[in-house]
J.: 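Would you mind keeping the following structure in view while I ask a few things?
Source: prediction; values computed, not measured.
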Amino acid sequence: MSLLSLENVKKHYATQEVLSGASLKVDPGEKIGLVGRNGGGKSTLFRLIEGLEQPDWGKIVVRKNTDLGFVAQRPSFGKGVTIRQYVEGGMEKAREAVERLEQVAHQMAEAEGEALERLMNEHGQLTERVEVLGGWDIERRVERVLSGIGLDEALWDRQADTLSGGEKGRTAMARALAGGHDLLLLDEPTNHLDLPGIEWIEQYIKEVHGAVLVISHDRRLLENAVDSIVELERGQLVRYAGNYSKYLQLKEERYQSELRAWENQQDFVRKEEAFIKKHMGSQRTSEAKGRQKKLKNVERVERPFHDVRRPVIRAPEAKRGGEKVLETENLSAGYGERVVWSDLNLRIGRGDRVGLVGKNGAGKTTLLRILAGRAAPRSGKVVRGHGAECGYYDQETGDFLPDGTPMSEVRRRYPTMTDGEIRSHLALFLFRGDHEIEKPVHALSGGERARLALSLLVMERPSWLAMDEPTNHLDLAGRTALEEMLASFGGSLVLISHDRQLLDDLCTKIVEVDEGGLREFEGNYSHWREVKLAEAAEAQAAANKRTAERKAAAKKEAEKQQAAQKAQAAAQAAPSAKGGAPSAGGGGKGGAAKAGGGKVRNPYKFQQLEERIMALEERLATLNASLMDEAVYRDADRTRDVQFEIAEVEAELEQANEEWMNWA
């Protein structure tokens, strides 16, 4: 039975029909990407599934006892509740399942006959449910999720209600992710995550046991993490098997097939109507009437809808400047006493396509604003090349008057344009009709603000572009149009983006920003990731080598000490062998073995200790070898788990070796 079933669901807001007969089924374990235009009703659909709103028509059925997970829009944190406690609270169903499993296991020990069979069936179902809910290792699961989405360990025991807005949002998402639900609803989960966090959540969606329905405009995530795409278009849900690229192919094939069917029917109708018109009233009147009757009963095929609306973003004409766009000399930046980075040197030449990457808070936006002349460095300077003029795109798109409209914002910057020219230009960015071009800026959605900012940017004539998260708030059609524009732009480009596809397609150089400064990498995002993974593997191999060398040295020293102790014991036993008086304490069980005046410790326990050391060494070797496995080192979550276990095994091994060396 399906976890979720939507049957002919309709939803209106005043005169606007958001859903007009939407139907969908979600089965256990499915990973589905939900796509569609901004404002098309995707979030409304989620609110209906969550039960926050009710449909005007149709049915939404969630299977009985299904654990439905979603991210609270306005999370409520109890007083004094820490991040860790709040996230663990989302695993209550998992705890209940584990407790019931333990009860059933105890009852099975005493049950017989039908009762035993019933308990065995329940035990199997509970085992599967605990697996889905992630109940086997709740504490480790919580820590893995918190680390994965980029919440620093220093925050985990901080009171949740003292966090920033972005941190609260990530905490709410961590609670939903850790819960291991039967069906998880995720609405743009990659928003506000850095690149490692985006890659982590992509892997999480692929590997989690439960079903996932995710709204996303991240093309790479839709390509790698889902097994089907559901498109919400004109209030209807259409499902396509496969990932994002397969969806594009199947959608085009479906449209072409439906278009041919419509064209064939239109051709048939035209021919029939021509025959009827020609022969009505002639000797073939009866035949014409028969065809007319049949034509009336033909079920007409609707012309297939093909939404070609997307912003027409023509690249601004790049002003030609010198070979050097800009060069920095020992830049530093910070806030108050905190230094974000210092002594930063970077050169951007004509035609360079640079992607700035780094963790959230690393100072990427600060650097971009300094390069664009929108902020001053704490120290150092930016030397600009001849004719270098920057076109700057702000991710907050906040350079608008609060009482402005799309029409007035264009007129304010370009007063010589006529109303007709402004209307025509805004129409390219999907602002059409008086209602849209006169809509107050404060009432615009995030996507509309982004389109307005881009409409103003392309009217400039810069020699280079500095763009901070330009794909934020844009739907898939808008992202495609923006990428095409940037690809055709003739000047240089410096780009901050969490859209991995954009970084891959546009950038020829990646600059990694962190507290240590910056590093430059030739190539696109994928090449940078390969280099970073190779470096991580090399560093781990070096660490493994150092560990092996330390172990070998410790073993050699232990063998040396053991040999010395045996020689000492032999020397002390020599007088007795020559007939001297027996040592005090001799004659009892084990009394003949002495070292330094005391009895040698239990040899059986010593053998157990050596066996434990060998087992730990074998386990450590296996773990270290697994880090070289591509399936592990390409998965940040699995790599982190292996590294945690390596640290635990090394600590236990160090303690065992110390006990072995001091045994006598």
J.: Check whether any side-chain heavy atom of Asp394 lies under 4.5 Å from a side-chain heavy atom of Arg374, and answer yes or no.
T.: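 Side-chain contact under 4.5 Å: no.
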J.: Only counting residues at least two apart or in another chain, list the ones meeting salt bridge (charged side-chain N to carboxylate O under 4.0 Å, His left out) with Arg353.
T.: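 Arg353 satisfies salt bridge (charged side-chain N to carboxylate O under 4.0 Å, His left out) with no residue once adjacent residues are dropped.
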J.: State whether a side-chain donor-acceptor pair under 3.5 Å links Ser245 with Asn243.
T.: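 Side chains of Ser245 and Asn243: pair found under 3.5 Å.
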J.: Taking only residues two or more places apart in sequence, or in another chain, which ones meet Glu448 in a side-chain hydrogen bond (donor to acceptor under 3.5 Å, both in side chains)?
T.: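 If we apply the side-chain hydrogen bond (donor to acceptor under 3.5 Å, both in side chains) test to Glu448, skipping adjacent residues, the hits are Lys439, Ser445.
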J.: Applying salt bridge (Lys or Arg N to Asp or Glu O under 4.0 Å) to Glu143 and Arg84, what does each step give before you reach the verdict?
T.: CA-CA 8 Å; Glu143 292 178 353; Arg84 189 196 298 268; 3.2 Å; yes
J.: Over all heavy atoms of both residues, which pair between Leu163 and Lys168 is shortest? Give the atoms and the distance, please.
T.: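 Closest approach of Leu163 to Lys168: O-CE, 3.3 Å.
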J.: Whether the side chain of Lys364 engages the backbone of Lys359 through a donor-acceptor N/O pair (distance < 3.5 Å, no angle test) should be reported.
T.: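 Confirmed, Lys364 side chain pairs with Lys359 backbone.
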J.: For Thr365, check side-chain hydrogen bond (donor to acceptor under 3.5 Å, both in side chains) against everything at least two apart and list the hits.
T.: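 Here the qualifying residues are Asp468.
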J.: Going by an N to O cut-off under 4.0 Å, is there a salt bridge joining Glu436 and Arg451?
T.: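 Looking at Arg451 together with Glu436, the answer is no, because their closest N to O distance does not fall below 4.0 Å.
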J.: Begin from the C-alpha positions of His498 and Leu193 and carry the test side chain to side chain contact (heavy atoms under 4.5 Å, CB included) through to its verdict.
T.: CA-CA 8 Å; His498 290 151; Leu193 295 182; over 6 Å; no
J.: Could you check if a side-chain atom of Gln159 sits within less than 4.5 angstrom of a side-chain atom of Phe77, using non-hydrogen atoms only?
T.: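 Result no, sub-4.5 Å side-chain heavy-atom pair not found.
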J.: Once salt bridge (charged side-chain N to carboxylate O under 4.0 Å, His left out) is applied, do any residues pair with Asp187, and if so which ones, sequence neighbours excluded?
T.: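 Once residues adjacent in sequence are excluded, Asp187 has no partner under the salt bridge (charged side-chain N to carboxylate O under 4.0 Å, His left out) criterion.
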J.: Report yes or no: does Ser332 contribute a side-chain atom to a donor-acceptor pair with the main-chain N or O of Arg378 at less than 3.5 Å?
T.: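 No; judged by distance alone, with no hydrogens or angles, the pair does not exist.
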J.: Quick one: which residue pairs count as a side chain to side chain donor-acceptor pair (under 3.5 Å) with a foot in residues 484-494, not counting sequence neighbours?
T.: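 Output for this query lists Arg310-Glu484.
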J.: Between His527 and Glu522, does a side-chain hydrogen bond (donor to acceptor under 3.5 Å, both in side chains) hold up when you go through it step by step?
T.: CA-CA 8 Å; His527 181 258; Glu522 294 297 328; over 6 Å; no
J.: In chain order, what residues pass the side-chain hydrogen bond (donor to acceptor under 3.5 Å, both in side chains) check against Glu389, with sequence neighbours excluded?
T.: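 Only Lys319 meet the side-chain hydrogen bond (donor to acceptor under 3.5 Å, both in side chains) criterion with Glu389.
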J.: Are any non-hydrogen side-chain atoms of Val511 and Val494 less than 4.5 angstrom apart?
T.: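 Sidechains of Val494 and Val511: no contact.
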J.: What residues form a side chain to side chain contact (heavy atoms under 4.5 Å, CB included) with Asp475, not counting sequence neighbours?
T.: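 Listed in chain order: Arg37, Asn38, His217, Ala477.
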J.: Does the Arg479 side chain pair with the main chain of Leu474, one donor and one acceptor, at a distance under 3.5 Å?
T.: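 Yes, Arg479 side chain to Leu474 backbone: donor-acceptor pair under 3.5 Å.
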J.: Could Arg234 and Phe305 be counted as a cation-pi pair, given that NZ or CZ must be under 6.0 Å from the ring centre and within 45° of the axis?
T.: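 The answer is yes, since Arg234 meets both limits relative to Phe305.
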J.: Quick check for you: to the nearest 0.5 Å, what is the distance between Asp399 atom CG and Tyr392 atom OH?
T.: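 The CG atom of Asp399 sits 10.5 Å away from the OH atom of Tyr392.
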J.: Mind checking salt bridge (charged side-chain N to carboxylate O under 4.0 Å, His left out) for Glu409 and listing every partner two or more places apart, or none if nothing turns up?
T.: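 Partners of Glu409 by the salt bridge (charged side-chain N to carboxylate O under 4.0 Å, His left out) criterion, ordered by chain and then number, come out as Arg412, Arg413.
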J.: Could you tell me whether a side-chain N or O of Asn345 sits under 3.5 Å from a main-chain N or O of Asn330, the two making a donor and an acceptor?
T.: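 The answer is yes, because a donor-acceptor pair under 3.5 Å joins these two groups.
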J.: Working to the nearest 0.5 Å, report the span between CG of Asp504 and CZ of Arg219.
T.: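 Reported to 0.5 Å precision, the distance equals 10.0 Å.
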J.: Got Lys532 and Glu512 here, is their nearest side-chain heavy-atom distance under 4.5 Å?
T.: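 They are in side-chain contact.
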J.: When rounded to the nearest 0.5 angstrom, what is the spacing between CG in Leu346 and CG in Leu326?
T.: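 With rounding to 0.5 Å, CG (Leu346) is 7.0 Å from CG (Leu326).
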J.: Closest approach of Leu502 and Pro470, non-hydrogen atoms and distance?
T.: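 Closest pair (atom of Leu502, atom of Pro470, distance): CD2-CG, 4.5 Å.
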J.: Would you give the length of the straight line joining atom CD1 of Ile198 to atom CD of Gln203, rounded to the nearest 0.5 angstrom?
T.: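 That separation rounds to 14.5 Å.
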J.: Could you tell me whether a side-chain N or O of Arg529 sits under 3.5 Å from a main-chain N or O of Asn524, the two making a donor and an acceptor?
T.: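 Between the backbone of Asn524 and the side chain of Arg529 there is no qualifying donor-acceptor contact (under 3.5 Å).
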J.: Does Leu177 offer a backbone N or O that forms a donor-acceptor pair with the side chain of Tyr204 under 3.5 Å?
T.: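 Here the side-chain-to-backbone pair exists.
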J.: With rounding to the nearest 0.5 angstrom, report the NZ to CG distance, Lys509 to Asp352.
T.: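 The NZ atom of Lys509 sits 5.0 Å away from the CG atom of Asp352.
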J.: Considering only heavy atoms from C-beta outward, does the side chain of Leu476 approach that of Tyr244 to under 4.5 Å?
T.: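 Yes. Closest side-chain heavy atoms under 4.5 Å.
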J.: Judged by atom type as modelled, is there a donor-acceptor pair below 3.5 Å linking the side chain of Glu167 to the main-chain atoms of Leu151?
T.: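 Side chain of Glu167 to backbone of Leu151, a donor-acceptor pair under 3.5 Å: no, none is there.
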J.: Would you say that Thr366 contacts Tyr335 through its side chain, given a criterion of any heavy-atom pair below 4.5 Å between the two side chains?
T.: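 Heavy-atom side-chain distance check passes, below 4.5 Å.
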J.: For the residue pair Ala318 and Gly491, what are the closest heavy atoms and their distance?
T.: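 Heavy atoms of Ala318 and Gly491 come nearest at CB-N, 3.5 Å.
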J.: For Ser147 and Trp156, which heavy atoms make the closest approach, and how far apart are they?
T.: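 Closest pair (atom of Ser147, atom of Trp156, distance): OG-CZ2, 3.2 Å.
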J.: Holding to salt bridge (charged side-chain N to carboxylate O under 4.0 Å, His left out), I want the full list of residues that pass it with Glu233, two or more places apart in sequence or in another chain.
T.: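 Lys251.
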J.: With a 4.5 Å limit on heavy-atom distance, are the side chains of Leu186 and Ile205 in contact?
T.: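 In contact.
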J.: Scan Leu195, Leu356, Ile496 and name whichever one has a side chain to side chain contact (heavy atoms under 4.5 Å, CB included) with Leu503.
T.: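 Among the candidates, only Leu195 passes.
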J.: Can you find a pair of side-chain heavy atoms, one from Leu493 and one from Met467, that are under 4.5 Å apart?
T.: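 SC-SC contact between Leu493 and Met467 confirmed.
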J.: Measure from the side-chain N and O atoms of Arg500 to the backbone N and O of Tyr525, and report whether any donor-acceptor pair falls under 3.5 Å.
T.: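 Flag not set: sc Arg500 to bb Tyr525 has no pair under 3.5 Å.
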J.: Would Thr471 and Glu483 satisfy side chain to side chain contact (heavy atoms under 4.5 Å, CB included), going step by step from the backbone distance to the final call?
T.: CA-CA 9 Å; Thr471 57; Glu483 184 175 318; over 6 Å; no
J.: Side chains of Ser408 and Arg411: is there a donor and an acceptor less than 3.5 Å apart?
T.: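 Short answer, no.
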J.: If you look at every heavy atom in Leu155 and Ile83, which pair is closest and at what distance?
T.: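 Residues Leu155 and Ile83, closest heavy atoms: O-CD1, 3.2 Å.
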J.: Does Arg140 have any side-chain hydrogen bond (donor to acceptor under 3.5 Å, both in side chains) partners at least two apart in sequence or in another chain, and if so, which?
T.: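 Applying side-chain hydrogen bond (donor to acceptor under 3.5 Å, both in side chains) to Arg140 gives Glu648.
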J.: Cut-off 3.5 Å, no hydrogens considered: what does the side-chain donor-acceptor table look like for residues 421-431, sequence neighbours left out?
T.:
| unit_1 | atom_1 | unit_2 | atom_2 | d |
| --- | --- | --- | --- | --- |
| Glu421 | OE1 | Thr418 | N | 3.0 |
| Arg423 | NH1 | Asp434 | OD1 | 3.0 |
| Arg423 | NH2 | Asp434 | OD1 | 2.7 |
| Ser424 | OG | Gly420 | O | 3.0 |
| His425 | NE2 | Ser455 | O | 2.8 |

J.: Please find the pair of heavy atoms, one from Gly380 and one from Leu331, that lie closest to each other, and give the distance.
T.: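 Heavy-atom minimum between the residues: C-CD2, 3.8 Å.
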J.: Starting at NZ of Lys31, measure out to CD of Glu207 and round the result to the nearest 0.5 Å.
T.: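 Atom-to-atom, Lys31:NZ and Glu207:CD are 9.5 Å apart.
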J.: Within the supplied structure, the quantity of interest is the number of heavy atoms (other residues, nucleotides, ligands) at a distance under 6.0 Å from Glu153 CD; does it exceed 12?
T.: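 Open.
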J.: Can you name the side chain to side chain contact (heavy atoms under 4.5 Å, CB included) partners of Leu250, sequence neighbours left out?
T.: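 Checked Leu250 against side chain to side chain contact (heavy atoms under 4.5 Å, CB included); matches are Tyr240, Lys246, Glu253.
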